[in-house]
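Computed from a predicted model, the values in this text were never measured in an experiment.
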Amino acid sequence: MANPKLKSVTKMPQGANVIARRKPAAAVRTVYSLAEREEIFRRFSVQRPEPRGELEHTNAFTLVVAVALSAQATDVGVNKATRALFRIADTPEKMLDLGEERLRDYIRTIGLYRNKAKNVIALSQMLVEQFGGKVPETREELVRLPGVGRKTANVVLSMAFGQATMAVDTHIFRIANRIRLAPGKTPDEVEARLMKVIPKHYLYHAHHWLILHGRYTCKARRPECERCIIADLCKSPEKSSDIPAALVTLPPQVIGEAVE
């Protein structure tokens, strides 16, 4: 039997540099040009120059508690429950003195209140024992707290410590996909893409602009396109108008009286 032919192997000369081919970076998934993204967030900045979260709180600790309680609940409902609570328990130490049973009485109107009460007491204990009663300022430390996930951590980093983060709640997840600004299958995917496509100088307020736009204009059941200031730029297949609403600065937000 004839010997099979072997493919010749070309040897690289000694000292030759081997250049490894890198895969090209994945393109950022958005259907908007940079100029269009600039204009979208410019209009949001005119409409709401100083957007704010709508959960009532007095310090970083009460913010952590309020955001943790807001899972599967409305801001309005959480605010009603926490007004009296935060008057007597606005630090981890005071929350531990209050205790889980009495805490449940304050938050009974909030969904999943039993489990949330356990988490609030547990996170208060951890703050006292491991962080000297202070809320940590890094995401890695925040997510270690019971009942605190990435979204809650991002809200706290932004609102309490002034960091530019993207807290992807149901409103932001819906809008990012509906208007095709940063489509993704998971909140983490949407977060990563939004952080890339939003112009850096608008990033600090961007999550509040998107949340408020989703809550009051681009609503879940029926987007109110006739009231939308970016209707002409929007590329959602669901939109019903191409005429943008008048771009005017809205009155300052009154926290605690938001309409869900």
Side-chain angles (χ1 to χ4, degrees), residues 48-139 141-167 169 171 204-205 207-209 211-212 215 250-260:
R48 292 185 171 93
E50 294 293 333
R52 299 165 61 195
E54 296 184 319
L55 284 172
E56 296 177 14
H57 61 283
T58 58
N59 55 35
F61 171 70
T62 55
L63 177 61
V64 171
V65 173
V67 180
L69 293 176
S70 71
Q72 300 183 47
T74 65
D75 288 359
V76 171
V78 172
N79 289 341
K80 288 179 180 178
T82 58
R83 283 179 194 136
L85 171 64
F86 291 158
R87 282 197 289 268
I88 64 167
D90 60 353
T91 68
E93 295 83 359
K94 291 178 182 178
M95 192 66 74
L96 290 175
D97 289 340
L98 181 66
E100 185 178 330
E101 186 174 347
R102 291 177 61 197
L103 171 58
R104 285 202 302 263
D105 291 336
Y106 281 95
I107 65 172
R108 193 175 296 274
T109 56
I110 300 175
L112 307 175
Y113 74 94
R114 292 181 184 276
N115 190 56
K116 290 177 180 178
K118 288 182 180 179
N119 284 335
V120 169
I121 295 299
L123 73 83
S124 299
Q125 189 78 45
M126 183 178 287
L127 287 174
V128 170
E129 293 179 351
Q130 300 186 26
F131 298 100
K134 304 294 184 181
V135 175
E137 298 185 27
T138 69
R139 184 183 292 109
E141 291 173 314
L142 282 167
V143 297
R144 288 172 52 200
L145 299 173
V148 175
R150 187 178 180 89
K151 188 201 80 171
T152 298
N154 281 341
V155 172
V156 174
L157 291 174
S158 173
M159 294 178 65
F161 303 120
Q163 298 183 31
T165 62
M166 181 56 59
D169 69 349
H171 296 297
Y204 177 66
H205 285 314
H207 80 284
H208 281 139
W209 285 324
I211 288 170
L212 295 170
R215 182 170 289 163
L250 297 176
Q253 292 169 256
V254 179
I255 306 303
E257 299 181 8
V259 178
E260 292 291 322

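A donor-acceptor pair under 3.5 Å links the side-chain atoms of N79 to the main chain of E54, judged by distance alone. Side-chain atoms of K151 do not come within 3.5 Å of backbone N or O of A71 as any donor-acceptor pair. Judged by distance alone, the side chain of N154 and the main-chain N or O of T165 form no donor-acceptor pair under 3.5 Å.
M95 approaches A89 most closely through the heavy-atom pair CE-O, 3.6 Å.
A donor-acceptor contact closer than 3.5 angstrom links the side chains of Q130 and R144.
When side chains are defined from C-beta on, T82 does not count as touching L55, because their heavy atoms never get closer than 4.5 Å.
Every residue meeting the side-chain contact (heavy atoms from CB on, under 4.5 Å) condition with T91, not counting sequence neighbours, appears here in chain and number order: E93, K94. Considering only residues two or more places apart in sequence or on other chains, Y113 meets the side-chain contact (heavy atoms from CB on, under 4.5 Å) condition with R104, I107, R108. Remark: T138 engages E140, E141 in a side-chain contact (heavy atoms from CB on, under 4.5 Å) (not counting sequence neighbours). Applying the side-chain contact (heavy atoms from CB on, under 4.5 Å) criterion to A122, with sequence neighbours excluded, gives P146. Not counting sequence neighbours, the partners of R150 by the salt bridge (charged side-chain N to carboxylate O under 4.0 Å, His left out) test are E191. In this structure, the side-chain hydrogen bond (donor to acceptor under 3.5 Å, both in side chains) partners of E129, at least two apart in sequence or on a different chain, are Q125.
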Next on the checklist: Let's go through L98 and L85 carefully: what are the C-alpha distance in whole Å and the side-chain angles of both, what is the deciding distance for side-chain contact (heavy atoms from CB on, under 4.5 Å) to 0.1 Å, and is it a yes or a no?
Outcome noted: CA-CA 10 Å; L98 181 66; L85 171 64; 3.5 Å; yes
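In this structure, CE on M126 lies 10.5 Å from CG on N119, to the nearest 0.5 angstrom.
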